[in-house]
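Atom set for the values below is all heavy atoms of this structure, side chains included, hydrogens, waters and symmetry mates excluded. Letters A, B, ... are given to chains in the order of the sequence lines, protein chains preceding strands, and every chain is numbered from 1.
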Number of protein chains: 2
Amino acid sequence: MSADQQGLPSVWTRPQRSRRDQPALSRDQIVSAALELLDAEGIDALSMRKLGTRLNAGATSMYSHVANKDELIELVVDEVYGEIDLTGIDSSTDWRTAVTRLAHGLRNGFLRHPWIASALGQVGMAALGPNLLRLSEALLGVFEEAGYSLQAAEQGMNTVSAYVIGVASTEAATLALLARSGQSQQEWVERFWPVAEQAVQGYPRLRRLYAAQREGFDVDSTRGDSFDEGLACILDGLEARRRLGDG
Amino acid sequence: MSADQQGLPSVWTRPQRSRRDQPALSRDQIVSAALELLDAEGIDALSMRKLGTRLNAGATSMYSHVANKDELIELVVDEVYGEIDLTGIDSSTDWRTAVTRLAHGLRNGFLRHPWIASALGQVGMAALGPNLLRLSEALLGVFEEAGYSLQAAEQGMNTVSAYVIGVASTEAATLALLARSGQSQQEWVERFWPVAEQAVQGYPRLRRLYAAQREGFDVDSTRGDSFDEGLACILDGLEARRRLGDG
DNA sequence: GCGGCGACCGTACAGTGTGCGGAGTAGCGA
DNA sequence: TCGCTACTCCGCACACTGTACGGTCGCCGC
């Protein structure tokens with residue numbers, strides 16, 4: 001008596017479908033599926049099992065294409081750097097507008113993918129992803145063509161990118177927190193503000209600051225202005241230094 | 001026949017020790033134990049169970065003092081902010097040296113506790129910890145007493161802290177990566193550099209940069225100089241803006 | 001044809017955060 | 001002095017994690 005007559009899976013009843021009727025897994029597919037999952041549900045929801053089912057694959061099937069979960073995250077982070085538009089950044093554009101445009105690109109990338117704030121800490125900036133390299137090269141180029149020495153260009157790049165990463169990862173972390181809480185921005189602000197006002201008692205300057213911010217309340221625009229203001233301030237400092245180097 | 005005669009735990013054989021022979025758990029104890037654990041073994045090693053055993057407590061005993069693991073991390077992060085020395089920051093000190101000193105304090109705190117790079121993303125800056133508030137108030141104060149308006153002071157605080165957080169969390173992430181790998185800094189550099197050199201082919205400016213850095217190699221001092229240079233650049237920009245506001 | 005290689009997957013293991021209910025104790029009002 | 005309540009602490013359980021391991025199977029070079 002054969003096994004399939006007992007309803008058990010056997011060589012005969014088994015589907016026998018080829019490995020080829022599903023398109024084979026590829027690194028790019030894995031990375032972009034992970035990116036979708038991260039955007040949709042945040043970093044806590046990224047598990048190898050969930051990623052597997054999303055790809056019609058087993059839980060451990062990704063490990064032939066990717067060494068670790070950490071390595072996967074590195075790849076996805078670099079993918080975000082890859083989204084930044086570098087076209088139209090050449091020697092004809094004024095260096096300040098070029099740097100500003102790159103800075104905005106980086107910041108917008110972070111805001112589009114707020115989970116990146118959590119990912120950055122796990123990965124380190126030492127990741128030599130091709131897209132990050134491309135971005136660095138472009139930024140260096142902008143400074144050099146504006147007349148900065150290579151060392152000064154590096155200094156400028158480091159300063160600007162540190163600033164942008166500081167601002168953007170902070171904003172992204174807040175955004176991610178908000179998304180995790182499941183509340184709308186409106187609800188969150190309404191719940192957050194009284195707490196903040198309470199906490200700020202006993203710190204006179206912070207209290208004045210909060211009081212001043214209650215009126216004249218336009219989150220997005222003022223945030224953007226503040227970012228540009230800080231960036232402009234850095235660029236001013238850099239420009240003064242270049243003139244110093246020239247003289 | 002009673003249970004203890006069968007070797008089972010019972011009322012009679014049970015140790016019966018009072019809850020008081022171990023000093024009771026407290027929030028501060030938990031936080032400082034977590035800090036020790038994080039410093040010793042990094043963020044991946046921080047689990048509630050390990051923390052419990054370190055405190056001679058059960059796995060879930062901390063939950064009466066702390067809501068979440070996330071909340072615990074918020075508390076520990078604020079503890080790090082609390083380590084920053086604010087003494088000697090008053091109206092008599094020049095604002096630039098005051099800001100610089102605070103910036104160094106923050107950066108050193110991050111470098112002392114490299115796991116913080118991972119923790120920051122999970123927490124968001126919206127954490128209204130008392131120590132962060134104290135630090136913000138102090139920084140605001142420095143700017144205000146230097147003659148900045150409240151809005152300008154906020155702008156200055158945001159710009160400087162974004163820069164410092166960007167630099168320091170990047171450095172800290174690298175440090176944490178290094179610690180996790182278990183290698184010495186020397187080993188790591190030796191293993192990392194050829195890879196970087198390889199990766200940098202095809203990016204002429206980056207290649208020149210790496211070539212230039214191979215000679216004149218003094219990691220710590222140049223890093224510190226670069227940090228101060230960027231900071232000074234920001235302060236220059238801010239100062240120019242203040243003059244503008246005055247005129 | 002066939003041997004090896006590499007992609008894919010099922011299973012398993014050690015570990016995670018934390019909800020729940022029970023136990024024991026301190027403090028407090030009567 | 002006696003309850004009663006509130007609170008701290010803990011053992012257990014549950015769902016879920018990353019990933020090591022070994023097996024199976026299609027494909028490619030010999």
Pairs meeting criterion salt bridge (Lys or Arg N to Asp or Glu O under 4.0 Å) with involvement of residues 74-87 of chain B, two or more places apart
B:E83-B:R112
Apply side chain to side chain contact (heavy atoms under 4.5 Å, CB included) to B:S32 and list each qualifying residue two or more places apart in sequence or on a separate chain.
none
Interatomic distance, [X] [atom1] vs [N] [atom2] [rounded to whole Å]:
X     : N      : atom1 : atom2 : result
A:N56 : C:dC8  : CG    : P     : 12 Å
B:M48 : C:dT16 : CE    : P     : 11 Å
A:H65 : C:dC9  : NE2   : C1'   : 12 Å
A:M62 : C:dG6  : CE    : C1'   : 17 Å
B:D44 : C:dA14 : CG    : C1'   : 15 Å
B:Y63 : D:dC10 : OH    : P     : 14 Å
A:E71 : D:dG18 : CD    : C1'   : 15 Å
B:L46 : C:dG17 : CG    : C1'   : 11 Å

With the side chain of A:K50 defined as its heavy atoms from C-beta on, choose the nearest nucleotide among D:dT17, D:dC9, C:dT18.
D:dT17
Counting heavy atoms from C-beta on, name the nucleotide in C:dC8, D:dT19, C:dT18 closest to the side chain of A:K69.
D:dT19
Specify the residues of residues 31-43 of chain A, ordered by number, for which at least one heavy atom lies under 4.0 angstrom from an atom of DNA chain D.
none
Scan for ring pair (Phe, Tyr, Trp, His ring centres under 6.0 Å) pairs involving residues 168-192 of chain B, sequence neighbours excluded, and state none if there are none.
B:W188-B:F192
Under the 3.5 angstrom rule, does the side chain of A:S169 hit a backbone N or O of A:I165 as a donor-acceptor pair?
yes
Students often mix this up, so state it plainly: with edges at 30° and 60°, are the rings of A:Y163 and A:F227 parallel, tilted or perpendicular?
parallel
Give me the distances for all protein-to-nucleotides 11-13 of chain C N/O pairs that come in under 3.5 Å?
none

Check this one for me: any side-chain N or O of B:S61 less than 4.0 Å away from OP1 or OP2 of D:dC10?
yes
As a test of understanding, state which of A:L25, A:L75, A:L35 forms a side-chain contact (heavy atoms from CB on, under 4.5 Å) with A:I30.
A:L25
I'd like to know if B:E171 pairs up with B:R107 as an ion pair, taking the criterion as any Lys NZ or Arg NE/NH1/NH2 lying under 4.0 Å from an Asp or Glu carboxylate oxygen.
yes
Distance alone, cut at 3.5 Å: any donor-acceptor contact between the side chains of B:D44 and B:W115?
no
Could you tell me which residues satisfy ring pair (Phe, Tyr, Trp, His ring centres under 6.0 Å) with A:Y63, sequence neighbours excluded, listed by chain and number?
none
